[in-house]
Asker: 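Have a look at the structure that comes next, please.
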Amino acid sequence: MADRPYIVGNWKMNGMRAMLPEARAIDRAAQRLMKVEVALAPPFTLIHAVHREVEQIGVGAQDCHAGRDGAHTGDVSAAMIADAGAKFVILGHSERRAAHREDNDMVAAKIAAANAAGLDIILCCGESLETRDEGRAEDFVLGQLRHALAHVDAAGERLTVAYEPVWAIGTGRTAAPRDIAAMHAAIRTLLVESFGAEEGAQVRILYGGSVKPENAREILALENVDGALVGGASLSAESFLGIAHAAIGDEDA
Ligand code: 13P
C-alpha cells in the first residue's frame with residue numbers, strides 16, 4: 001500500500017443538496033485523518049456546493065465531455081468541471097463504457113480534454129465475468145490501459161488507475177485477494193514500462209467493487225493496492241470513514 005492511502009467516493013447518480021452535511025462530516029473527519037487522502041466525486045449538480053462545503057478533501061467529477069465547448073446539449077466539459085471546483089475527473093468507468101458505449105478511443109479523447117483543463121485523472125479499467133472466466137482478464141485490462149496511457153500527459157500523482165472488475169461493482173462480490181494482487185502487480189509493471197521506474201511507482205492503483213468497512217482492511221493491505229474507489233459505501237459518512245480508518249489499520253474501523 002502507498003504511504004498515504006487514497007480513498008475516493010464515487011457517488012454515481014446519487015445525492016441531493018440534503019447530502020451536503022454528509023460531505024461536511026466526511027471532510028471534518030478527514031481533517032483528523034491526515035494519514036489518508038480522502039476525496040469525493042459527487043454528481044455534476046453538487047460539485048460546486050461540495051467544493052464550497054469542504055476544506056480538506058479533494059472534489060472531482062465522474063465524467064466529462066471530450067470537447068472543449070459548443071453544441072453538445074446536456075454535456076459538461078472538463079473546463080466547466082474545473083471551474084466548478086473539481087480537481088480530478090473519473091474516466092472510463094465501466095458504467096459509462098456500458099451505458100454510453102464509451103470505447104477506448106472515447107476514453108482517450110476525454111483524457112486529452114482533462115489534460116487540457118488541468119484536471120487530475122482517475123482512469124478506470126476492469127473486465128467482465130465472462131472475460132475473467134475465459135482467462136483473459138489481465139490481457140483485457142492491460143489492453144484498456146495501454147490504449148489510454150498513451151494519451152496521458154502527466155503521470156506520477158496526477159494519474160490514478162482504478163481496477164474495478166465489472167462483476168464486483170454493486171454486487172456485494174469482491175475479487176479474491178490473490179486475483180486483486182496479481183492484477184495490481186501487472187498494472188504496476190505496465191505503469192513502470194510506460195512512465196519509468198520513479199513516475200510509474202508514484203501512480204496510485206485503487207481497487208473498486210463492493211469495498212466496505214468489513215472487507216477494506218484485507219484488500220487495502222495487499223501489495224500495490226494504494227487505496228479504494230468506493231461506490232455504495234461512500235454514500236454515508238459512517239461507512240465511508242470506516243473504510244478510511246481501515247486503510248490505516250485503525251482498530252475501531
Ligand atoms: P460499489 O462500491 O457500489 O460496488 O461501486 C464501485 C464503483 O463502481 C466505484 O466507482
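Count residues from 1 along the sequence. Note that ligands are numbered from 1 as they come in the structure, with each ligand's atoms numbered from 1 the same way. What you are looking at is a predicted structure, and each value in this text was computed from that prediction instead of being measured.
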Asker: Are any of the N/O atoms in Gly170 less than 3.5 Å from those in ligand 1?
Answerer: yes
Asker: Just by modelled atom types, is the Asp226 backbone N or O under 3.5 Å from a matching donor or acceptor in the Arg4 side chain?
Answerer: no
Asker: Going by the order shown, which atoms of ligand 1 are within less than 4.0 Å of some heavy atom of Gly232?
Answerer: 1 (P), 2 (O), 3 (O)
Asker: Apply side-chain contact (heavy atoms from CB on, under 4.5 Å) to residues Glu22 and Ser236 and explain how you reach the verdict.
Answerer: CA-CA 7 Å; Glu22 220 64 30; Ser236 96; 4.1 Å; yes
Asker: Around atom 7 (C) of ligand 1, find the nearest protein heavy atom and jot down its residue, atom name and distance.
Answerer: Glu164 OE2, 3.1 Å
Asker: Just so I know, are the side chains of Leu149 and Leu159 near enough to count as touching, which here means a heavy-atom distance under 4.5 Å?
Answerer: yes
Asker: Using distance alone, determine whether Glu95 and ligand 1 share an N or O pair under 3.5 Å.
Answerer: no
Asker: Do Leu229 and Tyr6 touch side chain to side chain, with heavy atoms closer than 4.5 Å?
Answerer: no
Asker: Could you label the plane-to-plane angle of the His72 and His65 rings as parallel, tilted or perpendicular, counting under 30° as parallel and over 60° as perpendicular?
Answerer: tilted
Asker: Check the pair Ile180 / Val225 against side-chain contact (heavy atoms from CB on, under 4.5 Å), numbers first and verdict last.
Answerer: CA-CA 8 Å; Ile180 299 174; Val225 177; 3.9 Å; yes
Asker: Which residue supplies the protein heavy atom nearest to atom 2 (O) of ligand 1, what is that atom called, and how far is it?
Answerer: Gly231 N, 2.9 Å
Asker: Suppose I only count heavy atoms of Leu229 and a 4.0 Å limit; which atoms of ligand 1 are within that range?
Answerer: 9 (C), 10 (O)
Asker: Look only at the side chain of His151 and the backbone of Ala112, and say whether a donor-acceptor pair between them is shorter than 3.5 Å.
Answerer: no
Asker: So is Lys12 in contact with ligand 1, going by heavy-atom distances below 4.0 Å?
Answerer: yes
Asker: Indicate, as side chain, backbone, both or neither, the part of Asn10 found under 4.0 angstrom from ligand 1 when only non-hydrogen atoms are considered.
Answerer: side chain
Asker: Which of the atoms in ligand 1, numbered in the order shown and given with their element, are less than 4.0 Å from a heavy-atom of Gly209?
Answerer: 4 (O), 6 (C)
Asker: Would you mind listing which atoms of ligand 1 come within a distance below 4.0 Å of any non-hydrogen atom of Ile169?
Answerer: 4 (O), 5 (O), 6 (C), 8 (O)
Asker: With a 4.0 Å cut-off on heavy atoms, is Ser210 in contact with ligand 1?
Answerer: yes
Asker: Determine whether Ile187 and Val141 satisfy the following criterion, side-chain contact (heavy atoms from CB on, under 4.5 Å), listing intermediate values before the conclusion.
Answerer: CA-CA 8 Å; Ile187 293 171; Val141 166; 4.2 Å; yes
